[in-house]
Amino acid sequence: ADIKKAYRKLAQKYHPDTNSGSASTESKFKEISQAHDVIGDPKKRTEYDQLRTMMAGGPRFSGSGEQRINVEDLFGSLFGADFARAGRGQARGPARGQDLETEVSLSFLDSMSGPTVSLQVGPRVVKARLPQGVHDGARIRLAGKGADAGPGTRRGDLYVRIRVQPHKFFGRKDNDVTVRVPVLFTEAALGAEVQVPTLNGQPVTLKIPAGTASGKTFRVRGKGPELAGGRTDLLVTVDVTVPAKLTKQQRKLIEQLAELDTASPREGLDAGS
């Protein structure tokens, strides 16, 4: 039961799907799976214990022609270095320091630019350059930026959880930037050219065709941020606004339009159709 519990915990921690395709965690996940294959099988575990007794040092184990693996190191992966070294009666210091985790909050614009941030890790400050376009909730691994385990060892890793604050009008869809732009009823009905803001502060002109419905989204190619994969797009959604108060002339003109507009947009919505 202890073996299964330890395996599930570490398999979840080092699974490639939860570590953004990290090569190091993928390798660790494979080691953990191999360790569980050995110590989770009563026959293989007995063979391993017999070899440890005979060799008094945790030799390399090859069971039934499988690929050779250092089982002692893999025991350490599951239960810690002290467990793996118990059969040798030795008490060496750990090979690496402890992994640490912290959190950083970014503005929407900073998340797109790939900023350099200062992270408070215990009594020291770690500076790190974050990737451009980092998403809210992302977990970034900084190798060798974790805890120090003393002389002759290497530092653990530092994991940074990203929190991106929402922008007042920009948003995201995958790597593209989204924005909602209000337009007048007349602009949507007759067609118009409107100015749309972008992240770099230089607005672009969007041509709205006549008869555009509220909620219509237009893709402006190449006007999103430039990320590692290249320039992204700007997705513009138009919101048709209705005047809250009309002048007498405006009301008269709209009433005339209503008299001419005989087609109903609600045809077919009755319950019997």
Side-chain angles (χ1 to χ4, degrees), residues 103-117 130-140 160-273:
E103 185 173 291
V104 63
S105 179
L106 303 175
S107 70
F108 183 88
L109 297 181
D110 282 344
S111 73
M112 289 297 184
S113 66
T116 297
V117 296
L130 300 179
Q132 289 178 289
V134 63
H135 284 268
D136 178 58
R139 188 169 181 258
I140 308 298
V160 184
R161 183 72 68 179
I162 306 298
R163 300 299 178 198
V164 179
Q165 302 303 312
H167 195 275
K168 60 182 178 180
F169 49 83
F170 286 121
R172 290 190 69 170
K173 184 177 181 181
D174 298 326
N175 284 333
D176 296 324
V177 171
T178 64
V179 64
R180 302 190 75 94
V181 176
V183 297
L184 297 173
F185 165 75
T186 52
E187 292 175 322
L190 302 176
E193 292 185 352
V194 298
Q195 296 296 297
V196 177
T198 65
L199 288 183
N200 62 15
Q202 300 295 324
V204 296
T205 300
L206 175 65
K207 185 176 182 179
I208 299 176
T212 295
S214 185
K216 172 73 174 178
T217 298
F218 298 90
R219 181 180 293 272
V220 185
R221 298 194 179 277
K223 294 303 180 179
E226 187 170 0
L227 305 181
R231 178 69 69 175
T232 59
D233 299 337
L234 179 66
L235 304 180
V236 184
T237 301
V238 296
D239 292 323
V240 178
T241 62
V242 177
K245 188 175 182 180
L246 299 173
T247 65
K248 290 183 178 180
Q249 184 179 7
Q250 287 173 328
R251 176 175 290 277
K252 182 177 180 180
L253 291 173
I254 292 177
E255 287 173 347
Q256 292 176 359
L257 175 63
E259 292 175 358
L260 297 173
D261 199 355
T262 58
S264 173
R266 295 174 292 281
E267 288 183 3
L269 289 182
D270 57 297
S273 63

For this session: Supply the atom-to-atom distance Phe170 CZ to Leu235 CG, rounded to the nearest 0.5 angstrom.
Result: 12.0 Å

For this session: Can you see which heavy atom on Gly137 is nearest to which on Arg163, and at what distance?
Result: CA-NH1, 3.8 Å

Exercise. Should the pair His167 and Phe169 be assigned to parallel (<30°), tilted (30 to 60°) or perpendicular (>60°) ring geometry?
Worked result: perpendicular

Exercise. Do the side chain of Thr205 and the main chain of Gln195 share a donor and acceptor less than 3.5 angstrom apart?
Worked result: no

For this session: Under the side-chain hydrogen bond (donor to acceptor under 3.5 Å, both in side chains) rule, collect the residues that match up with Ser105, sequence neighbours excluded.
Result: Gln165

For this session: May I ask you to decide whether Arg172 forms a salt bridge with Asp136, counting only side-chain N to carboxylate O separations under 4.0 Å?
Result: no

Exercise. Does a salt bridge link Arg231 with Glu226, judged by any charged N lying under 4.0 Å from a carboxylate O?
Worked result: yes

Seminar exercise, completed: Note: Val164 and Ser107 closest approach over all heavy atoms is CG1-O, 4.2 Å

Problem set entry | Exam field: side chain Asp233 to backbone Gly222, donor-acceptor pair closer than 3.5 Å | yes

For this session: List the steps and the verdict of side chain to side chain contact (heavy atoms under 4.5 Å, CB included) for Ile162 and Val104.
Result: CA-CA 5 Å; Ile162 306 298; Val104 63; 3.5 Å; yes

Exercise. For atom CD of Gln249, is the number of surrounding heavy atoms from other residues, nucleotides or ligands below 6.0 Å larger than 12?
Worked result: no

For this session: Look at the side chain of Thr237 and the backbone N and O of Arg180, then say whether any donor-acceptor pair between them is shorter than 3.5 Å.
Result: no

